[in-house]
Amino acid sequence: MPQELPKAYEPKEVEKAIYLKWGKSGFFNPDKLPGKRSKNFSISLPPPNATGILHIGHAVMLAIQDLLIRFERMRGKKTLWLPGTDHAAIATQNVVEQSLKAEGKTKNDLGREKFLERINEYVASKRNSIREQVVRLGSSCDWSRERFTLDAGLSNAVVTAFKTLYDDGLIYRGDRIVNWCPRCQSTLADDEVEYIEKKTPFFYFKYGPVVIGTARPETKFGDKVIIVHPDDKRYQNIVGKDFEVEWILGKIKARVIADPAADPAMGSGAMTITPGHSFVDFELAKKHNIEIEKIIDERGCLTEAAGEMKGWPVREARKRVVEILRAKGLIEKVDENYIHNLSVCYRCNTPVEPLVSKQWFLAVDQPTKQLNGKTLKTRALEVIDNKEIEFVPERFGKIYLHWMTNLHDWCISRQIWYGHRIPVWHRGKEIVVSGSNPKGEGWSQEIDTLDTWFSSSLWTFSTLGWPITKEIGFDASLVDLVKSGKKTKTFRLRDHDLSAGETCFTHDSKTKKKFGYLHIVRATKIRFDEIELHAVGHEPYKSRAELNTTFQKYYPDIAITSDTPVWLYEFVYQKKSDLELFHPTSVMETAYDIIFFWVARMIMMSTYLVKEIPFKTVYFHGLVRDKKGRKMSKSLGNGIDPLEMADKYGADAVRLSLIIGTSPGNDQKLDEQKIAGYRNYVNKVWNIGRFLAMQTKGKKLNQPKIKSLADKWIISQLQYFSQVITTIGLERYTFSPVGESVYEFTWHFFADWYLEIVKVEGNVALAKHIFGILLKLLHPYMPFVTEHLWSILKYDEGLLMIAPWPDSGKDFLGWKDDKKTREDIEMEFSELMKAVIDFRRQRKEAGTPAGQPCEVKLDAKSPLWQDQAIIEKLARVKLVKA
RNA sequence: GCGCGUAUAGCUCAGUUGGUUAGAGCGCCACAUUGACAUUGUGGAGGUCCCUGGUUCAAGUCCAGGUACGCGCACCA
């Protein structure tokens, strides 16, 4: 009831109900959208970590993606926004390890199996909370297709990807130097290492005939090779010679090798190498065939190479080594002000130890037939070079190309427990790649798991059912029934190894002709006597006996008893698979800080495995910082919680504040004031609706008609404006300027001018119609309040979320957007506006007290006399003829 | 070291391919309250567009050089 509409919009009351309404409609699911929808539009939601707290960065991502999805859905596309979560191996394992620590336990106390159970419980407990948080901001994603990187279908995709790459020789196992985090007890990829500047003493030691410098004396036990530059005159006489050198543990034999890697200008120009614990030295050692010795172990302690210091942690060992060398008089000098780039783990900030270890790698520089002789790297470079994939803003293309060009083989094995276990099985010297235990005795699986980004890199297609390899057949008599999509179950006596979320081909059993796909919704194992007679994908059976006969016909080799296991597959029939319909996805929207971790790897994997780019456009948003420009973090306590803000100001206001006033790829500063500002705007929109509701209450409205100058002005402005924001706005991802201009139009054109004139002229029907168009334009930005007003004002029975985007003549009442007419009207109307503004100023300058009429003069011949009523009302003056 | 970004009102930021007098929001000042909205309305103040030079009839915008801040990559004996 309009008269009961509150003066101020109450988002908290409204938003929950609106989301339920949307959910109930089913329109988040592209299969259930009305209309023909021949074009598809899809976005994979970058999966939040399973650890479950949504921060303001997620809110930006959700606001922008929902804006795009809602816009395209209203424009009549078949839109899919596929949500999910990432198991985030290290991050999640860390959280659970922390909580164990609080109980005084470690993961080893529990053992692998129990520990994984514990993680799974934790992740399951967070699942709903993530979903609720995503929902809270109004995200219109298709929950029926929600995925998790560890669920069966995606795990199958991981195995298939691994096997394909392995069989093609692109995945190999090797002893190589890797980044090792002694706390996580795992390897890290190159880009999982961060660098922090730290002041460290830098030592110069006498080492036989030369002086060497190092910041890490404790790694130097096994240095037996001196490298000098081949052109360095100082050392030419010693190149190739052996020396006996007094060193940490006594005398050792060292030899001198010439290599251009030594920089004559640096220090003494001579260096020793530590191939087991330095990337550069490792390469040099391989080149000169130098023995690689392990000095530091996986716990960050010294090995037997350190003699009696075996087992010492690195920090203590360093002091001791320096003492020893000092006592021997081998210290030349110490630079106390040396700034060292300390490498640390991106998940736990522990200093990383480079060490040599047997790991699995993905070769990025190896040509493969799958890519017509290109390498993963060259193909990944090509798609950006050719603009097959567009980056917004463009500059990230350069950053990407630079990174990709310098990419080394990717270490994909991790020594943590949570994640996809490497699908490699050993039996003696035999190796099999498989997701499950191969047939026969004595197989053991690799203990390591895969880098969490391995599964993330498959996300755009693994979530859409890739790989489709499995197949189910139906008797010819059932093909039409399956196609009709009416029945959703089938029973099988043989395991087709299908799990929920997977898609398989389906064919006519007799002709083997494929006729579409089954998207498996549920897969369960039951007993034969649990088969329901009626709710089946086959024709209903009249009796158990008939059921038995039928099954015996199809499975003559199986002796059926009541206990015979039966696989029950519940499915949705799809003429085209999700993969065909929605891949490549339309837009990848993400923060720029995961361009390498995720975006680059998706491109490599998708171009190789699916032979398709994973997305056509990548839109990068910036990071949200506090009002001082600092990164928001728990430790600083400067974070703004998007959900708390949504409770306080409404989700619409939060969304607006994250979208408007920002530009792609640039960081934004946010403070609560800004959100409060957009709350005011939402309230303004609400009150426009409230006004119209009051004006139209109980009245039978006429068809909206364009009568006055103001009517013409508002309709022609809006028509032009809506075209502009659609084609050179939202299609080009300029969300901020578009949002601002709709804001401007709604508040300062429509409310401040047009509605004030409507109060004089009374064309409420047109005002309401125009507001309907505005609600559509505003909907992707502020979905809740607009949907609510759409229903209060009863524009039609349907939901605003699927109302057609205003670009047709019908919306503008057949008004022809003729540039000349538009400009004429604008000119004429601006005369009126100018007059009003001028008279207001005159009134102000005259200092006329409120409530008293102020007489102003207007030329008797002025055409403005025809708008006398409007001018007198809006400027609160009395016109007199001059 | 290489590369990228940013610099416009007190604050946060817009400013398409160069084109009248450089815009918005917040904040500030003054006035206004029964008539949708004080989460409001009306009017106003506020700018050396980082610096230097160049191209041009015309530069916030294009070019060159520089300064400051931020970021990425590399180096790190």
Side-chain angles (χ1 to χ4, degrees), chain A residues 2 5-9 190-191 195 197 200 202-205 207 210-216 220 223 226-228 261-263 266-274 278-281 338-343 393 395-396 398-403 405-406 592-593 595-596 622-623 625 627 629 649 653 657 660-663 665-671 673-674 676-695 728-729 732 734 736-737 739-741 743-744 747-748 751-752 755-756 759 836-837 840-845 847-851 874-876:
Chain A
L5 294 179
K7 280 174 93 164
Y9 175 55
D190 294 346
D191 46 348
Y195 297 90
E197 285 195 345
T200 325
F202 190 83
F203 304 93
Y204 290 89
F205 297 122
Y207 185 92
V210 298
V211 171
I212 58 161
T214 183
R216 302 206 55 191
K220 294 284 172 193
D223 287 20
I226 300 168
I227 306 268
V228 296
D263 178 359
M266 194 118 166
S268 64
M271 62 181 185
T272 61
I273 60 167
T274 313
S278 151
F279 282 84
V280 178
D281 295 1
Y338 180 73
I339 305 286
H340 179 73
N341 271 339
L342 183 66
S343 48
R395 66 185 144 91
F396 286 103
K398 281 186 206 166
I399 297 172
Y400 170 95
L401 291 174
H402 181 248
W403 181 85
T405 307
N406 295 305
Y592 64 74
D593 59 352
I595 180 169
F596 308 134
L623 310 180
R625 298 172 177 279
K627 62 179 167 187
Y649 300 106
S657 67
I660 299 182
T662 69
S663 46
N666 291 330
D667 293 353
Q668 61 168 312
K669 290 178 197 164
L670 181 71
D671 73 308
Q673 275 287 299
K674 185 175 177 188
Y678 285 106
R679 183 267 323 266
N680 297 354
Y681 171 49
V682 171
N683 190 54
K684 183 73 184 184
V685 173
W686 167 253
N687 270 292
I688 294 171
R690 185 165 171 260
F691 171 68
L692 290 170
M694 287 166 107
Q695 291 297 310
I728 63 174
R732 298 303 316 143
T734 54
S736 174
E740 257 181 288
S741 52
Y743 175 108
E744 163 88 5
W747 199 324
H748 300 302
D752 290 351
L755 280 188
E756 290 306 314
K759 287 176 187 170
V836 170
I837 290 167
R840 278 171 181 162
R841 193 184 298 116
Q842 285 184 33
R843 185 194 160 89
K844 180 113 174 172
E845 278 162 9
T848 316
L874 266 57
R876 296 193 303 131

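On a predicted model such as this, the values are computed, not experimentally measured, just so you know. First the proteins, then the strands, lettered A, B, ... as listed; each starts at 1.
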Main-chain N/O of A:Lys7 paired with A:Asn687 side-chain donor or acceptor, under 3.5 Å
yes

Hey, does the side chain of A:Thr734 reach the backbone of A:Pro737 with a donor-acceptor pair shorter than 3.5 angstrom?
no

Pair assignment for [N], Watson-Crick or G-U wobble, requiring both distances under 3.5 Å:
| N | answer |
| --- | --- |
| B:rC71 | B:rG3 |
| B:rC50 | B:rG66 |
| B:rG25 | B:rC11 |
| B:rU16 | none |
| B:rU55 | none |
| B:rU40 | B:rA32 |
| B:rC76 | none |

Counting only side-chain N and O atoms of [X], is one of them less than 4.0 Å from OP1 or OP2 of [N]?
| X | N | value |
| --- | --- | --- |
| A:Lys684 | B:rG41 | yes |
| A:Thr662 | B:rC13 | no |
| A:His748 | B:rG25 | yes |
| A:Arg395 | B:rC4 | no |
| A:Trp747 | B:rU40 | no |
| A:Lys7 | B:rU40 | no |
| A:Arg843 | B:rU42 | no |
| A:Asn680 | B:rU40 | yes |
| A:Lys674 | B:rC26 | no |

Determine the contact category for [X]: base if any of its heavy atoms lies under 4.0 Å from a base atom, sugar-phosphate if only primed atoms, P, OP1 or OP2 are that close, otherwise nothing.
| X | answer |
| --- | --- |
| A:Gly677 | nothing |
| A:Val280 | sugar-phosphate |
| A:Ala261 | base |
| A:Ala262 | base |
| A:Ile339 | nothing |
| A:Ala751 | base |

Taking the side chain of [X] as its heavy atoms from C-beta onward, which of [options] lies nearest to it?
| X | options | result |
| --- | --- | --- |
| A:His402 | B:rC37, B:rC73, B:rG25 | B:rC73 |
| A:Ser663 | B:rG44, B:rA36, B:rA14 | B:rA14 |
| A:Met271 | B:rA77, B:rA36, B:rG41 | B:rA77 |
| A:Met694 | B:rA14, B:rA36, B:rG25 | B:rA36 |
| A:Asn341 | B:rC4, B:rG43, B:rA74 | B:rA74 |
| A:Lys844 | B:rA36, B:rU42, B:rA74 | B:rU42 |
| A:Asp263 | B:rA77, B:rA36, B:rG41 | B:rA77 |
| A:Asn666 | B:rU6, B:rC76, B:rA36 | B:rU6 |
| A:Lys669 | B:rG72, B:rC13, B:rU39 | B:rC13 |

Take atom [atom1] of [X] and atom [atom2] of [N], then tell me their distance rounded to the nearest Å.
| X | N | atom1 | atom2 | value |
| --- | --- | --- | --- | --- |
| A:Leu874 | B:rA32 | CG | P | 20 Å |
| A:Ile660 | B:rU12 | CD1 | C1' | 13 Å |
| A:Asp752 | B:rG41 | CG | C1' | 8 Å |
| A:Tyr195 | B:rC76 | OH | P | 10 Å |
| A:Ile688 | B:rA36 | CD1 | P | 13 Å |
| A:Tyr678 | B:rC13 | OH | P | 12 Å |
| A:Asp667 | B:rC71 | CG | P | 9 Å |
| A:Lys398 | B:rG72 | NZ | P | 18 Å |

Taking atom types as they are modelled, is there a donor-acceptor pair under 3.5 Å from the base of [N] to the side chain of [X]?
| X | N | result |
| --- | --- | --- |
| A:Lys759 | B:rA36 | yes |
| A:Arg840 | B:rU42 | no |
| A:Glu756 | B:rA36 | yes |

Would you measure the distance from the [atom1] atom in [N] across to the matching atom in [M] and give it in whole Å?
| N | M | atom1 | answer |
| --- | --- | --- | --- |
| B:rU6 | B:rC76 | P | 31 Å |
| B:rG44 | B:rG25 | P | 13 Å |
| B:rG5 | B:rA14 | P | 15 Å |
| B:rG10 | B:rG54 | P | 29 Å |

Taking A:Lys220 first and then A:Asp223, would you say they form a salt bridge - that is, a charged N and a carboxylate O separated by under 4.0 Å?
yes

Closest to the 5' end of RNA chain B, once A:Phe203 and A:Asn406 are matched to their nearest nucleotides, is A:Asn406

Name the residue closer to the 5' end of RNA chain B, choosing between A:Gln673 and A:Phe202 according to the nucleotide with the nearest heavy atom.
A:Gln673

Near-ring test A:Tyr681/A:Tyr743, centroid separation under 6.0 angstrom
yes

Go through the steps for A:Asp667 and A:Tyr592 under the test side chain to side chain donor-acceptor pair (under 3.5 Å), then give the verdict.
CA-CA 10 Å; A:Asp667 293 353; A:Tyr592 64 74; 2.8 Å; yes

Please step through ring pair (Phe, Tyr, Trp, His ring centres under 6.0 Å) for the pair A:Phe205 and A:Tyr207, ending with a clear verdict.
CA-CA 6 Å; A:Phe205 297 122; A:Tyr207 185 92; 9.5 Å; no

Qualifying residues under side-chain contact (heavy atoms from CB on, under 4.5 Å), relative to A:Ile339, sequence neighbours excluded:
A:Glu197, A:Lys199

Salt bridge (Lys or Arg N to Asp or Glu O under 4.0 Å) partners of A:Glu756, counting only residues at least two apart:
A:Lys759

A:Trp686 side, atom CH2; A:Arg690 side, atom CZ - distance, nearest 0.5 Å:
8.0 Å

